[in-house]
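Not measured: the values here are computed from a predicted model. Each ligand, and each atom within it, is numbered from 1 in the order the structure gives.
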Amino acid sequence: MLDLLIKNAHLATPKGNSPKRGAMIGQISIEKDINIGIADGKIAYIGHDAPEAAKVHDAEGHLVTPGLVDSHTHLVFGGFRQHELALKLDGADYLEILAAGGGILSTVNATRAADFDELYAKAGAFLDDMLAHGTTTVEAKSGYGLETETELKQLKVVAKLQQEHPMDVVSTFMGAHAIPQKYKQNPDDYVNLVVDEMIPAVAQQNLAEYCDIFCEKGVFDIAQSRKILKAAKSAGLGIKIHANEINNLGGAMLAAEVGATSAEHMIASDQSDIEALVKFGIIAILLPTTSFYLGKPFAPARQMLDRGAMIAIASDFNPGSSPNFNLQLSMTLACLKYGLKPAEVLTAVTLNAAWAIGRGATKGTIEEGKDADIVIWNCPDLDYLFYRFGNNQAKTVIKNGEIII
Ligand code: NIG
Ligand code: FE
């Protein structure tokens with residue numbers, strides 16, 4: 001017998017066992033009057049019959065999709081940076097604030113000062129709220145420690161959340177997020193610290209699946225990024241790169257060279273970068289709220305799809321460039337600013353996003369055998385979910401087969 005039957009769903013879901021490339025990204029399945037059966041936390045039935053279930057939930061014809069997968073966040077941090085709004089309004093640029101010792105570095109001070117329990121409670125509250133907005137799997141990057149002890153503290157917060165919070169959380173080590181003040185004159189010594197001390201500690205304690213780096217002008221150059229990512233790869237970590245967020249240093253080419261799973265941001269990308277994504281099967285994780293919030297151009301998402309690349313869309317939730325974790329806002333912006341169709345964006349925040357963080361086999365679609373992470377929306381159809389914005393449209397959230405919201 002089923003544990004739960006969701007009846008009368010207007011189901012919209014991508015399907016299949018691989019990330020979708022190019023035009024394939026818009027090929028989703030939409031069916032009305034569908035019943036979805038769940039047993040042992042997995043989807044066990046999809047169809048028009050009503051098999052016996054311990055509990056029945058009526059979706060009343062509302063839109064039902066897979067739970068959203070947020071494949072790029074900086075979840076664990078101390079403090080916030082509301083003072084930067086005034087600086088921005090006075091014309092300060094994101095990288096100028098960082099170069100002056102603010103930006104990421106001010107969050108580093110706050111994260112070093114916060115104790116484990118404080119960071120745990122704060123990140124856990126974010127996850128509660130993300131679930132309430134329809135996000136059921138999240139990637140979380142460290143990178144506000146920039147010293148071994150605090151980087152490990154952040155990653156241990158994620159490890160405890162993985163154990164105790166209903167959200168699925170995928171951990172990424174990003175010790176190379178900025179050059180700490182102490183190493184400003186000798187950044188290569190910091191690169192050595194990441195390579196010789198942090199990566200071995202993270203790998204040995206099994207605290208992350210991926211390693212990411214901020215490859216950017218005034219942050220880590222290509223040679224430094226290569227050194228760190230190669231060390232991470234040798235230690236068994238998957239590879240991600242913050243590439244072409246503001247300036248193009250050749251991060252997408254480096255992603256190809258080191259066999260990265262994803263290249264993230266990709267705003268300042270040219271044709272050769274897009275070709276590299278296609279040729280090497282790298283997923284571009286695009287972050288439209290960051291472009292919006294920094295007042296930067298939007299990534300060339302349509303050109304990427306036209307060339308046959310794979311894209312995912314995520315929130316980039318962090319206290320500086322994107323203090324927002326509502327993926328619904330990213331989804332509407334992706335339509336309006338990338339020129340993508342709702343069906344394309346749905347795949348980019350579910351199936352493709354799941355593949356970008358190593359969860360493609362179990363998450364990101366509503367198909368028999370997949371984890372029962374499902375959202376019922378306060379929407380009559382898929383277009384409506386993307387057309388409205390600013391309010392939370394998640395109505396009911398089912399995580400691992402349980403109705404939790
Ligand atoms: O993806 N660019 C680097 N990391 C984040 C911003 C982090 C911050 O400003 O605190 C990003 O934009
Ligand atoms: Fe980021």
Side-chain angles (χ1 to χ4, degrees), residues 70-85 87-88 92-112 114 119 122-123 126 138-146 150-151 154 170-180 210-221 224-225 228 239-249 251 255 260-268 283-299 312-325 327 330 353 356-357:
D70 196 341
S71 57
H72 178 143
T73 83
H74 304 256
L75 179 76
V76 182
F77 56 85
F80 273 102
R81 308 218 298 267
Q82 62 272 39
H83 63 278
E84 284 181 12
L85 179 59
L87 298 177
K88 275 175 55 161
D93 173 80
Y94 180 76
L95 289 178
E96 276 168 23
I97 297 173
L98 176 61
I104 294 172
L105 294 175
S106 76
T107 300
V108 167
N109 292 334
T111 308
R112 288 177 179 176
L119 292 175
K122 184 172 174 177
F126 291 149
V138 163
E139 183 252 17
K141 303 176 195 292
S142 71
Y144 292 119
L146 309 187
T150 310
E151 286 295 320
Q154 281 189 277
V170 174
S171 183
T172 295
F173 164 66
M174 196 173 176
H177 193 195
I179 313 279
Y210 293 95
C211 177
D212 195 345
I213 186 163
F214 191 14
C215 180
E216 181 56 68
K217 200 163 154 189
V219 193
F220 295 93
D221 66 20
Q224 293 164 335
S225 301
I228 288 172
I239 303 300
K240 295 175 167 288
I241 308 186
H242 276 60
N244 304 354
E245 177 171 354
I246 297 160
N247 298 288
N248 188 335
L249 305 191
T261 302
S262 56
E264 322 204 348
H265 286 287
M266 295 294 284
I267 294 171
I283 300 178
I285 300 183
L286 308 181
L287 307 157
T289 55
T290 309
S291 291
F292 168 72
Y293 206 73
L294 294 181
K296 299 287 177 196
F298 285 79
I313 290 166
S315 75
D316 195 17
F317 174 54
N318 74 74
S321 66
S322 181
N324 165 66
F325 51 62
L327 255 182
S330 312
I357 55 172

Original post:
Identify the closest protein heavy atom to atom 11 (C) of ligand 1: which residue and atom is it, and at what distance?
Top reply: Asp316 OD2, 3.2 Å
Original post:
Take atom NZ in Lys88; do more than 12 heavy atoms of anything else shown fall under 6.0 Å from it?
Top reply: yes
Original post:
Within the distance-only criterion (no hydrogens, no angle test), does the side chain of Ser71 pair as donor or acceptor with the backbone N or O of Ala314 below 3.5 angstrom?
Top reply: no
**OP:** Would you sort out whether Asp316 and His74 count as a side-chain contact (heavy atoms from CB on, under 4.5 Å), showing the intermediate values?
**Re:** CA-CA 7 Å; Asp316 195 17; His74 304 256; 3.1 Å; yes
Original post:
What N/O/S atom of Asp316 is the closest to the Fe ion (ligand 2)?
Top reply: OD1
**OP:** Determine whether the side chain, the backbone, both or neither of His242 has a heavy atom under 4.0 Å from any heavy atom of ligand 1.
**Re:** side chain
Original post:
Nearest protein heavy atom to atom 9 (O) of ligand 1, by residue and atom, and its distance?
Top reply: Tyr94 OH, 2.5 Å
Subject >> Protein heavy atom at shortest distance from atom 10 (O) of ligand 1 >> reply: Tyr144 OH, 2.6 Å
Original post:
Near His72, which atoms of ligand 1 are under 4.0 Å from a heavy atom of that residue?
Top reply: 1 (O)
Original post:
Do Asp212 and Thr172 meet the criterion of a side-chain donor-acceptor pair at a distance under 3.5 Å?
Top reply: no
Original post:
In a check of side-chain hydrogen bond (donor to acceptor under 3.5 Å, both in side chains) between Thr289 and each of Ser321, Ser322, Ser315, which one passes?
Top reply: Ser322
Original post:
Please state which protein non-hydrogen atom is closest to atom 2 (N) of ligand 1 and give its distance, to 0.1 Å?
Top reply: Glu245 OE1, 2.7 Å
Subject >> Donor-acceptor pair, side chain of Gln154 and main chain of Tyr144, under 3.5 angstrom >> reply: yes
Original post:
What's the NE2-the Fe ion (ligand 2)-NE2 angle here (His72, His74), rounded to 10 degrees?
Top reply: 100°
Original post:
What atoms of ligand 1 come closer than 4.0 angstrom to any heavy atom of His74?
Top reply: 1 (O), 4 (N), 5 (C), 11 (C)
Original post:
Going by heavy atoms, is Thr107 under 4.0 Å from ligand 1?
Top reply: no
**OP:** Considering the heavy atoms of Arg81, write down every atom of ligand 1 situated less than 4.0 Å from one of them.
**Re:** 8 (C), 9 (O), 10 (O)
Subject >> Between Tyr94 and Tyr293, ring centroids under 6.0 Å >> reply: no
Original post:
Between Lys296 and Ser291, is any side-chain donor less than 3.5 angstrom from a side-chain acceptor?
Top reply: no
Original post:
Are any of the N or O atoms of His177 closer than 3.5 Å to those of ligand 1?
Top reply: yes
**OP:** Please work out which of Gly320, Gly143, Pro319, Ser321 has its closest non-hydrogen atom nearest to atom 12 (O) of ligand 1.
**Re:** Ser321
**OP:** Please verify whether a non-hydrogen atom of His265 lies at under 4.0 Å from ligand 1.
**Re:** yes
**OP:** Determine whether the side chains of Glu264 and His242 contain a donor N or O and an acceptor N or O closer than 3.5 Å.
**Re:** no
